[in-house]
Amino acid sequence: MTAIQGDGSIRIGVFICHCGINIAAKVNISEVVEFAKTLPHVAYATDYQFLCSDPGQELIKTHIRENNLNRIVVASCSPLMHEVTFRRAAGEAGLNPFYVQMANIREQVSWVTKDMKSSTTKAKALVAAAVRRVARHDALEVRQVPVKADVLVVGGGIAGIQAALTIANSDKKVYLVEREPTIGGHMAQFDKTFPTLDCAACILTPKMSSVAVHPNITLLTFSEVVSVEGYTGNFRVRIKRKPRYVIEDKCVGCNACVDACIYKQPRFPDEFNVGLSKRKPVYMPFPQATPSVVLIDPESCIQLKKGTCKMPCVDACDRNAIDFNQKEEFLDVDVGAIILATGYQPFNPSRIPEYGYGKYPNVYTGLEVERLVNAAGPTQGQIVLKDGTKPKSVGIIHCVGSRDQKTNPYCSRVCCMYSLKLAHLIKERTEAEVFNFYIDMRAAGKGYEEFYDRVMSEQVQVIRGRVAEVTDWAVTPEEEGKLVLRVEDTLVGVARRIPVDMVVLSVGLEPQPDVEQVQRLFNISCSKGGWLLERHPKLAPVSTFTDGIFIAGACQGPKDIPDCVAQAGAAAGEAMALIDKGHVDLEPNAAHVRENCSGCRTCISACPFHAISLDKETGLSVVNEALCKGCGTCVASCPSGVAQQQMFTDEQIYEEIEGIMNYV
C-alpha cells in the first residue's frame with residue numbers, strides 16, 4: 001500500500017485492526033482505511049488482522065521508519081487492553097510513546113452496534129477524532145520515583161499467610177496485620193478440607209507457626225489499619241494495636257491465668273466455636289492460636305468493667321504478663337506495596353426465617369457443624385443434638401443465601417462441596433440417614449467430581465429442589481418430634497415432606513461487613529455484590545485500580561482454599577515485581593495548575609486522591625504528580641480554567657470533538 005502525502009510537518013499513520021472477526025464482522029475495514037487517507041496530516045493508512053500480535057507491532061514499527069511517521073493512530077480495542085503495547089512499539093521505532101492515540105472501535109462500536117453501516121460510520125467518526133487529537137499531542141516523558149522495600153499484608157487467613165510467607169521467603173520485610181487475636185481465619189475452624197479430606201489444622205498450623213517465627217515477618221494481631229497515605233511504592237500506613245491486657249513478649253501461653261480466673265466455669269460465648277461453647281474473660285482463642293498469647297475480654301472481665309476483681313490471674317502469672325493498664329497503641333510503617341486478604345463472612349441464615357435458624361435448636365449452619373465434627377470442638381468431635389443424643393436423620397440444605405434474588409444472586413462456589421464433605425463426615429460419625437437438597441450440583445475443581453462420586457457411593461440421598469420451609473408442624477405420626485423439610489423434588493415432579501432430626505444450612509459467602517470502610521481506606525473499588533474489585537477479571541485479577549495495592553483470597557469473591565492460595569501467590573508475585581524494580585513509572589497524565597491560580601481551593605476538595613494541596617507561601621494550588629491519577633476532576637471543577645491536565649488539554653479535547661462533528 002503506497003504512502004499518502006501530507007503537508008510535511010505532521011505525518012500521521014493510521015492502523016486499523018480487524019481483531020479477528022470481533023471488529024471486522026461489524027465494521028467495513030477497507031472503507032475506514034480509505035476514509036482515513038482523506039484526513040489532514042495522514043501520511044499512511046493500512047489495516048491488519050491482529051495489530052497487538054508481534055507481526056502487527058513489527059508492521060507499525062516498519063512503517064513508522066519507512067514513512068517517517070511522527071504520530072500514529074491505532075483503531076482497535078480499548079486502550080485499557082493494549083495502549084501500553086502500542087506505546088512500546090512506537091518507542092522501539094524511535095517515536096515518543098505519547099504520540100500514540102487509540103480509537104476504540106471494538107467495545108464502543110462493533111460490540112454494541114447492530115448493523116454494519118452504522119458501525120462503519122461510527123468507526124470513521126472515532127478515527128477522525130483520534131487523527132485530529134493526536135496532531136495536538138506533546139512529547140512527554142515518564143518520571144520515576146523510588147519505592148519502599150517493605151510490604152503490608154492485611155488479613156491473616158490462609159491467603160494472607162501464604163502471601164506473607166512468599167514475600168518473606170524472598171528476603172523482604174512483611175507486616176502482617178490481623179484484627180482478630182490470632183491468625184488462621186476461617187480455615188482454622190474447619191475439621192477437614194475437600195476433596196482430599198486432609199485435616200485442616202494439620203496443613204494450616206505449620207504455616208501459622210512459620211509466620212510467627214519468620215525473621216522477615218512482623219506479626220501484628222488484634223490490630224487494624226486506620227489510615228493510608230502516600231502513593232504507589234511509598235505508602236505511609238498507621239496501624240492501631242488494640243490492648244490485649246497481656247504483654248505479648250512475656251506471655252508463654254501456659255494458661256495459668258485462665259485456670260486461676262475468678263470465674264471457675266466458662267460463662268461467655270466462645271467466638272471461635274461460633275457460640276456453641278463458653279469461655280472465660282481471660283482465654284486462649286484455640287489451642288493452636290498464633291501467637292500463643294492469651295487475651296482478656298474487657299466486656300466480660302470484672303476488673304476492666306468495675307475494678308473490683310481480686311485479680312487472681314495476676315497472682316497466677318509468674319512472668320508478670322498481665323497488664324490491666326494497657327492502652328491502644330499506634331504504629332506507623334512505610335511500605336511499597338499492600339496486599340488485601342480480608343476474607344469473607346458467612347451468610348446469616350436468620351435472614352431467611354422460613355428455615356427456622358434461631359427458632360429451632362437443631363437447625364445449624366455449616367460452620368457450626370464444622371466445629372461439632374472437630375476433635376477440638378465443643379463436643380470433641382461428637383455430632384449430637386441439643387439434648388445430647390445422636391441424630392438418626394440429617395437434612396443438608398444447599399445454597400442458603402446464594403443463587404437467590406432475595407439475598408445474593410451469585411454462586412458461592414464452595415457450598416456444594418462442603419455440603420458433600422459434611423454429609424460424608426456425618427455419615428461416618430453417626431451412621432445417620434443424610435439428605436442433600438440442592439439446586440444444581442456444582443463440582444468444578446480438581447478431584448471434585450470424584451469426591452462427589454465417592455459420597456454418592458456412601459448412600460447419601462440427594463434431592464434436587466429448593467427447600468421451601470423447615471417446620472416442626474407434624475402431619476403424620478412419624479413426623480412427631482421431628483423437623484420437617486417441605487421441598488419440591490423437581491426430578492420426580494412431586495412435593496415432599498422429609499422429617500429429620502437435624503438440619504444443616506449450607507450458608508454462602510458474603511463480603512465482610514466493613515468492606516465499604518476498607519474500600520474508602522485503601523481507595524479501591526467494589527463490584528456490585530460488595531466484593532473488592534480487580535483491575536481486570538482476566539488480565540489483572542489481583543491488581544486494583546490503585547497502583548501498588550493488590551487483592552487476594554475471598555475478599556475478591558467466593559473461592560475455595562486452593563484458589564485462595566494460588567491468588568495469594570500471584571498477589572505476592574505482583575508486589576515483589578513492583579519492589580524489585582526499585583522504582584515506579586509515573587505516566588505523565590497528571591494535572592497541573594497555572595500561575596494565575598486564584599487559590600479558591602475548589603480543586604483541593606474535589607480531588608478524590610488527595611493529590612492537591614495549597615502552597616502557604618504562594619497561596620496557589622499545587623499538584624503532587626505521584627499522587628495524581630489523571631482523573632481530571634480538578635480540571636473540570638476549576639472555575640477559572642487554570643487547572644489543566646497533560647494528555648487531556650482543552651485543545652486536544654476540542655480537536656477530538658471537531659473530528660467527530662466535521663467528518664461524519
Side-chain angles (χ1 to χ4, degrees), residues 157 178-192 199-202 204-205 208 221-222 244-246 253-302 304-305 312-313 345-350 356-391 394 418 421-422 425-426 429-430 432 501-507:
E178 167 57 49
R179 67 174 154 194
E180 298 298 330
T182 173
I183 58 174
H186 287 294
M187 186 177 173
Q189 296 175 291
F190 300 159
D191 180 51
K192 298 186 184 301
C199 167
C202 299
L204 176 65
T205 51
M208 295 167 59
T221 56
F222 216 41
R244 282 178 175 266
Y245 305 103
V246 174
C254 65
N255 285 334
C257 56
V258 179
D259 297 335
C261 180
I262 196 169
Y263 288 100
K264 298 307 178 184
Q265 297 298 324
R267 291 180 55 180
F268 305 98
D270 185 343
E271 295 85 355
F272 186 75
N273 283 327
V274 285
L276 296 176
S277 63
K278 304 292 184 180
R279 60 160 174 81
K280 295 182 179 182
V282 55
Y283 66 100
M284 182 79 72
F286 62 98
Q288 298 85 15
T290 303
S292 183
V293 177
V294 300
L295 73 155
I296 300 175
D297 177 14
E299 298 299 319
S300 55
C301 174
I302 295 176
L304 290 172
K305 288 179 67 177
C313 56
Q345 67 169 344
F347 174 79
N348 183 358
S350 61
Y357 182 75
K359 178 181 179 182
Y360 304 122
N362 290 318
V363 177
Y364 295 83
T365 66
L367 188 57
E368 289 171 343
V369 176
E370 288 278 3
R371 297 310 303 151
L372 290 178
V373 300
N374 194 295
T379 59
Q380 291 74 51
Q382 298 297 314
I383 301 175
V384 294
L385 303 173
K386 293 295 184 180
D387 62 6
T389 62
K390 285 190 176 183
V394 179
Y418 86 65
K421 178 191 73 175
L422 292 178
L425 294 175
I426 292 170
R429 306 283 175 87
T430 67
D501 296 320
M502 174 189 284
V503 173
V504 181
L505 304 179
S506 297
V507 296

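Only this structure's heavy atoms are used, side chains among them; waters, hydrogens and symmetry mates stay out.
- Note: Leu425 CG to Ile383 CD1 = 7.0 Å, rounded to the nearest 0.5 Å.
- Taking the side chain as every heavy atom from C-beta outward, Ser300 and Arg267 never approach each other to under 4.5 Å.
- Taking the side chain as every heavy atom from C-beta outward, Asn362 and Asp501 never approach each other to under 4.5 Å.
- Screening Val258, Ile296, Ile262 for a side chain to side chain contact (heavy atoms under 4.5 Å, CB included) involving Lys280 leaves a single residue, Val258.
- Residues Pro285 and Leu295 meet the side-chain proximity criterion, which asks for heavy atoms closer than 4.5 Å.
- In this structure, the separation between CG on Leu372 and CE on Met502 is 6.0 Å, given to the nearest 0.5 Å.
- Within the 4.5 Å cutoff, no side-chain heavy atoms of Pro266 are placed close to those of Ser277.
- The backbone N or O of Thr365 lies less than 3.5 Å from a partner atom in the side chain of Glu368, making a donor-acceptor pair.
- Between atom CD1 of residue Ile302 and atom SG of residue Cys261 there is a gap of 7.5 Å, rounded to the nearest 0.5 Å.
- Contact record, Val394 with Ala432: CG2-CB, 4.3 Å, taken as the closest heavy-atom pair.
- To the nearest 0.5 Å, atoms OG (Ser292) and CZ (Phe286) are separated by 10.0 Å.
- Between the side chain of Lys192 and the backbone N or O of Lys421 there is no donor-acceptor pair closer than 3.5 Å.
- Side chain of Asn273 to backbone of Gly377: no donor-acceptor contact under 3.5 angstrom is found.
- The shortest non-hydrogen separation linking Arg279 to Asp297 is NH2-OD2, 2.9 Å.
- Note on ring orientation: taking the six-membered ring where Trp is involved, the planes of Tyr263 and Phe268 are perpendicular (angle over 60°, cut-offs 30° and 60°).
- Formation of a donor-acceptor pair under 3.5 Å by the Thr290 side chain with backbone atoms of Ile183 is not found in this model.
- No side-chain donor-acceptor contact under 3.5 Å links Glu180 to the backbone of Thr182.
- Annotation: side chain of Leu367 is not in contact with side chain of Tyr418 (no heavy-atom distance under 4.5 Å).
- Rounded to the nearest 0.5 Å, atoms CG (Asn374) and CD (Gln189) are 10.0 Å apart.
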Show your working on side-chain contact (heavy atoms from CB on, under 4.5 Å) between Tyr364 and Val503 and close with a plain yes or no.
CA-CA 6 Å; Tyr364 295 83; Val503 173; over 6 Å; no
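- Pairing each heavy atom of Val294 with each of Cys257, the nearest pair is CG2-SG, 3.7 Å.
- Nearest approach of Met284 to Ala289, heavy atoms of both residues: SD-CB, 4.2 Å.
- The two residues Phe272 and Ala188 have their closest heavy-atom pair at CZ-O, 3.3 Å.
- A donor and an acceptor atom, one from each side chain of Arg244 and Thr221, are located under 3.5 Å apart.
- Salt bridge Asp270/Arg371: absent, no basic N to carboxylate O contact under 4.0 Å.
- Contact detail for Tyr357 and Val363: the closest heavy-atom pair is CD1-O, 3.5 Å.
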